[in-house]
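Data block below; observations after.
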Amino acid sequence: MKRVHAATPAEDDQDHVPMFVDMNPQVPSRIRHVIEKTGPDPGPVLAQMAARLELAGAQVLAMPCNTAHLYATQIEDAVGISLLNMPKLACAQAAQGMKRGGIVGILASPATNSSGLFGNFLARHEVQSAFPENEDGILASIRRIKKSGPTQTDITLLEREAASLVRRGAERVIIGCSEFSLVSERIRCPVPILDTLDVLVSEIVSFSGVRTKSPA
């Protein structure tokens, strides 16, 4: 929400994007369901949240969690409004201008990697995907950030993994985890970095049709 406010060319209160927000920390763990195979399916809870937002008057849905988009079909089946699919939109943007067979690196939860979430979207644009080799370290970093917030240790890990992706041929790197979005602007990388959260924010502001800021 802070990024939506920052990205809105507002000159007064009425210029900001109106939002209904269902902030539900009790959504079942995506990591436990997808990776560990020990937790309940988060899909029904996410679908219920979407239905509540539609009933409240929402005209489009936005979900700032990449892994939760593994349940996009359940969400879309529960409502009559569209979902701004963050990973799909980010992959389309990342693939722009790339040659067939080019490689995009993905810094994201192993859950999205093993499920093919980003890989499948990129493949639609005839672009390949590459993922971190140190998935245990990536998962540990996500859990640390969830618990205590990001530290220099996490930034160092992400920079190291990004550099590895570039050595393996990545021309661009996608930040595909909301925890990593907290430090995306601080990650040094020799190729362009695209934060999925920034892509979603841009789509939210565009959909809302807020007034463009007047030229100086």
Side-chain angles (χ1 to χ4, degrees), residues 1-6 19 21-50 52-53 61-72 74-75 83-91 105-119 129 131-165 173-189 193-201 204:
M1 290 177 65
K2 182 178 180 180
R3 288 201 191 188
V4 170
H5 286 306
M19 290 182 280
V21 180
D22 190 338
M23 189 175 348
N24 182 6
Q26 278 69 50
V27 174
S29 169
R30 282 72 66 201
I31 290 174
R32 289 176 185 167
H33 184 247
V34 178
I35 298 178
E36 299 172 356
K37 311 294 185 185
T38 59
D41 182 358
V45 177
L46 293 169
Q48 291 170 6
M49 293 167 66
R52 286 199 297 266
L53 289 169
L61 296 170
M63 183 165 59
C65 173
N66 291 276
T67 310
H69 283 77
L70 291 169
Y71 311 94
Q74 294 184 57
I75 293 169
L83 169 69
L84 298 175
N85 192 305
M86 179 164 63
K88 181 179 180 180
L89 291 165
C91 287
I106 313 293
L107 290 176
S109 164
T112 62
N113 302 346
S114 62
S115 66
L117 180 64
F118 287 98
S129 51
F131 304 97
E133 295 176 329
N134 183 10
E135 288 200 332
D136 290 341
I138 289 290
L139 186 57
S141 177
I142 292 172
R143 285 175 164 154
R144 281 197 304 270
I145 295 172
K146 284 181 181 292
K147 181 178 180 180
S148 306
T151 66
Q152 184 58 47
T153 298
D154 303 301
I155 296 171
T156 300
L157 169 69
L158 293 172
E159 289 181 339
R160 186 166 58 244
E161 291 301 316
S164 175
L165 290 168
V173 172
I174 289 177
I175 302 297
C177 175
S178 298
E179 280 72 34
F180 297 158
S181 290
L182 295 173
V183 294
S184 60
E185 293 183 351
R186 298 167 61 187
I187 299 172
R188 294 172 298 179
C189 183
I193 285 181
L194 178 66
D195 188 339
T196 57
L197 191 57
D198 288 334
V199 174
L200 180 63
V201 164
I204 291 171

Kindly compute the distance separating CG (Asn113) from CD1 (Ile138), expressed to the nearest 0.5 Å. 8.5 Å
Between Pro87 and Leu117, which heavy-atom pair has the shortest distance, and what is it? CG-CD2, 3.9 Å
In Å, rounded to the nearest 0.5 Å, how long is the span from CG of Leu53 to CE of Met19? 12.0 Å
Does any non-hydrogen side-chain atom of Glu179 lie less than 4.5 Å from one of Pro150? no
Roughly how far, to the nearest 0.5 Å, is OG of Ser181 from CG of Asn66? 7.0 Å
Kindly give the heavy-atom pair with the smallest separation between Gly119 and Ser129, and that separation in Å. CA-OG, 3.4 Å
Taking all non-hydrogen atoms of both residues into account, name the closest pair between Pro42 and Val27 and its distance. CB-CG1, 4.0 Å
Would you confirm whether His69, through its side chain, and Asn85, through its main-chain N or O, come within 3.5 Å as a donor-acceptor pair? no
How would you list, by chain and number, every residue that makes a ring pair (Phe, Tyr, Trp, His ring centres under 6.0 Å) with Tyr71, sequence neighbours excluded? His33
State the CG-CD1 distance between Leu107 and Ile174, to the nearest 0.5 angstrom. 9.5 Å
Hey, does Ser29 have a side-chain heavy atom less than 4.5 Å from the side chain of Glu36? no
Of the non-hydrogen atoms in Leu157 and Ser141, which two are nearest, and what is the gap between them? CD2-CB, 3.6 Å
Are the side chains of Glu135 and Ile35 in contact, using a 4.5 Å heavy-atom criterion? no
Under 3.5 Å: donor-acceptor pair, side chain of Arg32, backbone of Arg30: no
Supply the atom-to-atom distance Thr67 OG1 to Met86 CE, rounded to the nearest 0.5 angstrom. 8.5 Å
Would Phe180 and Asp195 satisfy side-chain contact (heavy atoms from CB on, under 4.5 Å), going step by step from the backbone distance to the final call? CA-CA 9 Å; Phe180 297 158; Asp195 188 339; over 6 Å; no
I'd like to check Asp154 versus Val183 (side-chain heavy atoms, cut-off strictly below 4.5 Å). Are they in contact? no
Residue pair Asn134 / Asp136, side-chain heavy-atom distance below 4.5 Å: yes
How many angstroms lie between atom OG of Ser184 and atom CD1 of Ile155, to the nearest 0.5 angstrom? 10.0 Å
Note: Asp41 and Pro28 closest approach over all heavy atoms is O-CG, 4.3 Å
For the side chain of Ser178 and the backbone of Pro64, is there at least one donor-acceptor N/O pair under 3.5 Å apart? yes
Specify the closest pair of heavy atoms between Ala111 and Leu70, including all atoms of both residues, with the distance to one decimal. O-CD1, 4.1 Å
